[in-house]
Amino acid sequence: MSTKPVRVRYAPSPTGDFHVGGARTALFNYLFARHNGGKFILRIEDTDQKRYNPEAVEWLLNGLRYLGLDWDEGPEVGGDYGPYVQTERLSIYRQYYQQLLDQGLAYRCFATPEELEEMRRERKPKGLPTYDRRYRDYDPNQAIARADSGESHVIRIKLPVDGSITVHDVIRGDITFQNDNLEDVIIVKSDGIPTYHLANVIDDHLMDISHVLRGDEWVSSMPLHIHLYNAFGWEPPVMAHLPVILNPTGRGKMSKRESRAPDGRVLPVFVRTFEELGYLSDAMVNYMALVGWSYDDKTEIMDREELIDRFSLDRVNASPASWNYDKLDYFNGVYLRALTPEALTDLVMPYLAKAGINADRATMVKIAPFIQERLNVLSDVSNWVDFFFIDELPPYDLNLLVPKKMSLADVPPILTAARDTLAKTEFNHDAIDAALRQSVKALGIKAGQMFQPIRIAVCGKLVAPPLFNTLEILGRETVLKRLDQAISRLEQN
RNA sequence: GCCCCCUUCGUCUAGAGGACUAGGACACCACCCUUUCAAGGUGGCGACACGGGUUCGAAUCCCGUAGGGGGCACCA
């Protein structure tokens, strides 16, 4: 176990959108760093220039900021170990692979893509690694001559061909691999740019990375990486491979693309989609921390400080965990309900604007307490409050006005009675409550049989915030107008 | 096909040989509260993959089987 100061890194490749799986890896690195008073470093692994996507860096940085995972070193903040973008470190890599070449620990390979394809066809069905090591013992001088003449080639690592290697993972323990199953992988591509394997080993060493916390998809390259550390004579960092995130069904790795559930709702997988839908940063962080990690047998709701305080690698699970959208919604609801009406209003205003609703902030603050316990995601807000901010209700189905066990003809007298009552009563929650109940009594009907038609007439929908508060906030004028409209629509029907 | 990893309620998990009649959370169901929907409260349904060992004793340790996942690129 390393006793060096804790320095961990999140090192994504900017090729696509910032996926929640990557975010979880970043979060664990962040929590581990903060828990141990260490540094959280961000490094951009852009050695794949073919798949490079400049937008991806923006998505990544914005995503990390949204989640509040501030990095101590990396793009935009700098640091003593820079540069933090791999394509800016090409000259550094060169001296290291040259060293390997000089020591005979790596070699040039001139096999063409066609040759490789043929090897693959031949060897793969036999369960053998693709490359047959045909240039492993090629004469170095001849290789240099061919390289100097400009012939395209790659550089491969020369790995042991027999024996075995045992590597250690903090989460999984010792893992043994037979060396003859390993391949002399490419460490420098024909364009002169190192592959991930080489660059990540050199950078982790040079950046004094103490612990590598990365996705589970890397366990099979662990022996390769350890061999590389050994070739350089470096001490490898402590390794920990985090469990993959599975689909909600528990079957298969979590989707790389967003889709829709059978009920039509979007199933986000990118961080910015979660943000757009209105998941709170704290809720996301809290929920994600629990995908693959747990604190004890009952504590689940934890704020950032608590998470940092309690996080430890020995409570990270080795088995894959599936993503549960329902549980995330529940967490978001918990954090939403903890907000003050003012804070909720601030969060919700942009969503209303985006939905084309011209909401007045003061009114929204009044409404906030009543939608707070009904909201799961911020983007839902317009469905709950739109009728407060529009002049004319969109047409609704008149049948909605009809309460249980009644018919259309029963409705006008009820609404008229409600209208007359509301025209006289003082316009606040308690007075409305008392007056309406008295009117209900006078008509000899059930409370719901009057409240339901009022709700539809005033809100235009079946499900809405509590009625008396709604009426109070809406104000007498609007309420009476909408009741009158309902009544006249019924009469024209 | 080959290599590696994993296996407790539908899902996330607690459990590190006796404290297990296996605990919590989400979801689901019922009831309470209630003007709708929620929120909240109470209760319920629901799991140690299977087969062998080891042991006085196994969810916990070992082996095998099955299932799941990851990897086998001039991608990371």
Measuring only the C1' atom in each nucleotide, how far is B:C62 from B:U55? A whole number of Å is fine. 12 Å
What's the gap between B:A19 and B:A76 when it is taken at their C1' atoms, as a whole Å value? 48 Å
If I pick the P atom on B:A22 and the same atom on B:C45, what distance separates them, to the nearest angstrom? 11 Å
side-chain hydrogen bond (donor to acceptor under 3.5 Å, both in side chains) filter on A:Thr176, not counting sequence neighbours, yields A:Thr166
Can a side-chain donor-acceptor contact be found between A:Gln178 and A:Asp180 if the only test is distance below 3.5 angstrom? no
Look at A:Asp204 together with A:Arg43 and state whether they make a salt bridge at an N to O cut-off of under 4.0 Å. yes
I'd like the P distance from B:U60 over to B:C9, given in whole Å. 14 Å
Please assess A:Arg265 against A:Tyr325 for the test side chain to side chain contact (heavy atoms under 4.5 Å, CB included), listing each intermediate value before the final yes or no. CA-CA 11 Å; A:Arg265 76 166 173 161; A:Tyr325 287 102; 3.5 Å; yes
With A:Thr47 as partner, the option from A:Val188, A:Asn200, A:Ile193 fulfilling side-chain contact (heavy atoms from CB on, under 4.5 Å) is A:Ile193
Select from A:Arg455 and A:Pro113 the residue whose nearest nucleotide in RNA chain B is closer to the 5' end of that strand. A:Arg455
Nearest-nucleotide comparison on RNA chain B, the residue closer to the 5′ end among A:Ser322 and A:Asp174: A:Asp174
Distance check, P atoms only: B:A30 and B:A38, in whole angstrom units. 12 Å
Taking any atom closer than 4.0 angstrom to a non-hydrogen atom of chain A, what span of RNA chain B does the protein reach, first nucleotide to last? B:G1 to B:A76
Touch check for A:Pro465, heavy atoms < 4.0 angstrom, all strands: base, sugar-phosphate only, or nothing? base
Does the plane of the ring in A:Tyr10 sit parallel, tilted or perpendicular to the ring in A:Phe18? Use 30° and 60° as the thresholds. tilted
